[in-house]
Every structure is written in structure tokens, then in C-alpha cells.
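These notes concern the structure reproduced below.
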Amino acid sequence: MNITYILGAGASCEALPIVNNIPERLGYFADQFKLHPLEWLLDKQQKSRISERYILDIKDLTVQKREYEKLQRFHKDILWLKDESEKHSSIDTFAKKLYLQENSNLKKLKYILSCFFLSEQVFNFDKRYDSFFASILDNLSKLPNNLRIISWNYDSQIEIAHSNFSNTTIEKTRKDLNIISKGNNTFDDFNPNEFSIFKVNGTTSVSHMIDGFYDIIPDFNIKPVSLISHFLEIYSSNKHWEEHEPTMSFAWETSKEEPIYKSKLRESIRNTDILVVIGYSFPFFNRKTDKFILGSMKNLSKVYIQDPYNSETIKEKVEGFFPNANVKIPGRITHVIDFKEKKSKDQFFIPLEF
């Protein structure tokens, strides 16, 4: 049986804040980069925040002043995103508004949000991903060919879990897992009949106009104070800022590479028999992409919905994408889809059919 997982924010809720908690966590994130006046800081030698430790570890006064100014700008941008996220129903809503306005602040939103998610993951990990790989792997060199994962998340929880198992780098892990991320469309040696992960909203990294895709931080075992130099790299100059683009992408954003990305996605999931939905609510914003994804699964016969609170509502939404399924018409065989609701949240559900 061919199984496809769709993962939403709830699948990473033990590591990253859900939508309603993001403004509060952004406030805490901003506080780590708050700075007293430089003269006061040099006099008192206070190191209670990682930003203060970062500045005071620099011995050259000229470099200190330069990095201090970058930190001030970075802190101001975090507070801007925190304030705007409080004014809107979600960051996605604010991002959509900026997109429709063709506002250049969308790039700032993506970069700050990427740094925020990366920082959260240095301190937190959702152990359910660890258990998931322990369950599906028989050995490190062979991933199950009947399994696909579609993730709506920008995070790197999947990569972190697998890299811990395989004791390798995040970069190597992405290749091993056959991760195809929107905004980083490399399809070298792509095989639709092998295990693959599609990240439909991109990921928390950046792309340089010349050097291409690379990670903002090299790994998640980094010391907290070392995060700052990586976060501030793009703040080095206006030119440096202009030459970089975040690889995070929203469902309603399009690009010239999207047709080939979607064709590979369809090719990979078209033989899906069983769908497992974890922590994803099928929001209206994503309806076009969801319609494409579910419409690509022509053989779908069973849907497991794992959500401790809203499984019935999610079931109704999924049924809406298949209006002709389970309709009793005399003398005609209709598309039958069996729905199963799972309330547990301790582990990711794995079908017995696996």
C-alpha cells in the first residue's frame, strides 16, 4: 500500500509555537537581542542576554560598533513583526496583505520569521519525529519506497530527527531523504517511486543570487551566542541584503519553477492508497494547493486524521475535496473513501497497512 502523510503545524507543536502563541514567542525572541547603550554596556560588562555576550566578546571597538548597529536593526525588525502579528489574525494573513500590495517588507517578514524558527529549534525538538523514524526504518541505508511526506511546515524537525539517527549533517540528510523544497527546485536523479518529502512552503534558509541555496545556520547544535553572527550576515550591507532571498514561500506565491515542482509532486503521490493527516487543518488560504494535492491521489481509499480536537471538522473539509466519493447512485460504482479519526497525540500515527 502506498501511504502519503500531510503534516501541518500541529505536527511540530512540541518544538514550535502554534499560530496563536507566535506573537508572545516573538517577544521573547526580540528580548534576547535587546541592547543597552553601547557605552553603558562596555562600562558595566553585563552579559545577561546573548546579544550582550556577543558584543562584549568582540575586542575591536570599530567592529563592536558595527555589529551593535546591525543588532539594533535586527531587534527593531523582530519587534516590527511581533507588533504586526498581534494586529492580524495570523502572520500568514499579514504576509498575504504584503504580497497583494507588492510590499518589499514581505522579504523582511520571511527573513525574521526564518531566524525565529531556527532559533526555536536550537532549543526545542519534537521527539515524535524521532519515534517516527524509529518505527519506519529497518536500516539507515533504506527508506520505505511506499511512503511519501508532504509538509506545510517551514521547520527542519524532519531533518533534525533523521540526522540524529544517521549521525550526519543536515545538508547530507536532505539528500538522503530526497527532500524537494519549493523555492529550491533541484530535480537531479529524481525518482517518483522512491521515498520523498515535499516541503510545499519552502524552508527556513536563504538563497544568494550567485551562490544559490544555503543554510542560515550550519546545524542545530550551535551555541546560542553563535546564532547572532549567522543571523546578522545579511545585515552586513544594503547590497548584501538585496542579494539574498529567503527560501520560505507561502502557498499562494507562484514562481516560474512551480509547474515542474507541481508535476514532480503529482507524479510522486498519484498512486497514494492511504492518506495520513497530522496537525493540519486545511485552511482556506491553502485551498488551491490542497485541491491539487488531493486531486492527484486518484486511488485514495482511506484517510486517517490525527488530531485530538478537530478531527471531525478536518474530515468534513477533506470530504469537500471529493464531492463524488461515497455517494450512493443506483447502478453505478462510486469512489469510496474510508475515514478514520485518531485522537492520540503522543506519537505520529502509523497505519497497520504500512
Side-chain angles (χ1 to χ4, degrees), residues 1-11 128 131-133 135-136 138 143-153 158 178 180 190-201 251 259 261-354:
M1 301 289 277
N2 294 304
I3 301 170
T4 295
Y5 279 77
I6 293 182
L7 306 180
R128 293 176 298 174
S131 299
F132 177 73
F133 278 112
S135 300
I136 69 169
D138 291 325
L143 289 156
N145 288 334
N146 67 328
L147 194 62
R148 308 286 182 272
I149 297 175
I150 298 172
S151 175
W152 279 98
N153 300 331
I158 294 174
N178 195 21
I180 301 170
F190 173 78
N191 185 341
N193 300 314
E194 293 181 347
F195 178 95
S196 58
I197 298 174
F198 285 83
K199 302 184 80 169
V200 294
N201 270 346
Y261 176 84
K262 293 178 73 172
S263 71
K264 298 300 182 185
L265 174 55
R266 179 193 288 114
E267 195 176 2
S268 185
I269 64 175
R270 64 183 178 182
N271 293 322
T272 298
D273 300 295
I274 296 172
L275 174 65
V276 183
V277 181
I278 301 178
Y280 182 62
S281 61
F282 294 88
F284 190 73
F285 269 147
N286 299 341
R287 67 194 183 282
K288 291 182 179 178
T289 304
D290 286 331
K291 184 177 181 180
F292 169 80
I293 290 171
L294 295 178
S296 299
M297 301 177 183
K298 302 300 183 182
N299 300 326
L300 188 64
S301 60
K302 185 177 288 188
V303 178
Y304 290 100
I305 298 171
Q306 184 177 11
D307 190 288
Y309 311 110
N310 303 305
S311 58
E312 181 60 35
T313 300
I314 297 169
K315 174 179 176 290
E316 291 176 2
K317 289 183 178 180
V318 176
E319 286 178 319
F321 289 103
F322 299 96
N324 297 320
N326 301 337
V327 177
K328 295 181 179 179
I329 302 176
R332 182 186 298 181
I333 299 176
T334 60
H335 186 183
V336 177
I337 300 177
D338 184 21
F339 287 88
K340 302 289 186 182
E341 299 175 38
K342 300 295 178 181
K343 302 291 186 180
S344 63
K345 58 182 180 179
D346 295 334
Q347 304 288 339
F348 293 157
F349 175 74
I350 298 176
L352 291 175
E353 295 90 341
F354 175 74

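Relative orientation of the Phe321 and Phe282 rings is tilted, given thresholds of 30° and 60° on the angle between their planes.
At distances below 3.5 Å, not a single donor-acceptor pair connects side-chain atoms of Asp307 with backbone N or O atoms of Ile314. Side chain of Arg266 to main chain of Ser263: no donor-acceptor pair is present (N/O by atom type, distance under 3.5 Å, no hydrogens or angles). Proximity of a side-chain donor or acceptor of Asp273 to a complementary backbone N or O of Asn2 within less than 3.5 Å is detected. Of the possible donor and acceptor atoms, one in the side chain of Gln306 sits under 3.5 Å from a partner among the backbone N and O of Phe349. A distance-only check finds no donor-acceptor pair linking the side chain of Asn299 to the backbone of Thr272 [under 3.5 Å].
Of all heavy-atom pairs between Ile3 and Pro351, the closest is CD1-CG, 4.2 Å. Among all heavy-atom pairs drawn from Ser311 and Glu341, the shortest one is OG-OE1, 2.7 Å. The minimum heavy-atom distance linking Lys199 with Tyr261 is given by the pair O-OH, 3.2 Å. Here the closest heavy-atom approach between residue Ser196 and residue Arg148 is recorded as OG-CD, 3.3 Å. Between Leu300 and Ile337, the shortest heavy-atom contact is O-CG1, 3.7 Å. Shown here for Asn153 and Ala9, the closest heavy-atom pair between the two residues is OD1-N, 3.1 Å.
In this structure, Ser131 and Phe348 have side chains that are not in contact, with every pair of non-hydrogen atoms separated by 4.5 Å or more. A heavy-atom distance below 4.5 Å is not found between the side chains of Phe132 and Ile158. Here the side chains of Phe354 and Pro144 are in contact, with some heavy-atom distance below 4.5 Å. A heavy-atom distance below 4.5 Å is found between the side chains of Glu353 and Lys302. Within the 4.5 Å cutoff, no side-chain heavy atoms of Val276 are placed close to those of Ile6. The side-chain heavy atoms of Asn193 and Asn145, taken from C-beta on, include no pair separated by under 4.5 Å.
When the salt bridge (Lys or Arg N to Asp or Glu O under 4.0 Å) test is applied to Lys345, no partner is found at least two apart in sequence or on another chain.
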Please lay out, stage by stage, how Ile180 and Leu265 fare under the test side chain to side chain contact (heavy atoms under 4.5 Å, CB included).
CA-CA 9 Å; Ile180 301 170; Leu265 174 55; over 6 Å; no
Hey, mind stepping through Ile274 and Thr4 against side chain to side chain contact (heavy atoms under 4.5 Å, CB included) and telling me if it holds?
CA-CA 6 Å; Ile274 296 172; Thr4 295; over 6 Å; no
Go through Asp338 and Val303 one step at a time and tell me if the side chain to side chain contact (heavy atoms under 4.5 Å, CB included) criterion holds.
CA-CA 6 Å; Asp338 184 21; Val303 178; over 6 Å; no
Please report the C-alpha distance between Tyr280 and Asn286 in whole Å, then the side-chain angles of each, then the deciding distance to 0.1 Å, and finally whether the side-chain hydrogen bond (donor to acceptor under 3.5 Å, both in side chains) criterion is met.
CA-CA 11 Å; Tyr280 182 62; Asn286 299 341; 3.1 Å; yes
Walk me through it: do Met297 and Ile269 pass the test side chain to side chain contact (heavy atoms under 4.5 Å, CB included)?
CA-CA 6 Å; Met297 301 177 183; Ile269 64 175; 4.0 Å; yes
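Rounding to the nearest 0.5 Å gives a distance of 12.5 Å between CD of Glu312 and NZ of Lys317. Between Ser151 atom OG and Phe198 atom CZ the span is 12.5 Å, to the nearest 0.5 Å. If you take CD1 on Ile136 and CG on Asn146, they are separated by 9.5 Å, rounding to the nearest 0.5 Å.
Annotation: cation-pi geometry not satisfied between Lys264 and Phe190 (NZ/CZ under 6.0 angstrom from ring centroid, within 45° of ring axis).
Ionic pairing of Asp290 and Lys288 is not present here: no N-O contact between side-chain nitrogen and carboxylate oxygen is shorter than 4.0 angstrom.
Exactly one residue among Leu7, Leu147, Ile149 makes a side chain to side chain contact (heavy atoms under 4.5 Å, CB included) with Ile197. That residue is Ile149.
Within 6.0 Å of the NZ atom in Lys340, the count of heavy atoms belonging to other residues, nucleotides or ligands does not exceed 12. Under a cut-off of 6.0 angstrom, the local environment of NZ in Lys343 is crowded, with over 12 non-hydrogen atoms contributed by other residues, nucleotides or ligands.
Side chains of Arg270 and Ser296: a donor-acceptor N/O pair is absent below 3.5 angstrom, by distance only.
Ring to ring, Tyr304 and Tyr5 are not that close: their centroids are 6.0 angstrom or more apart.
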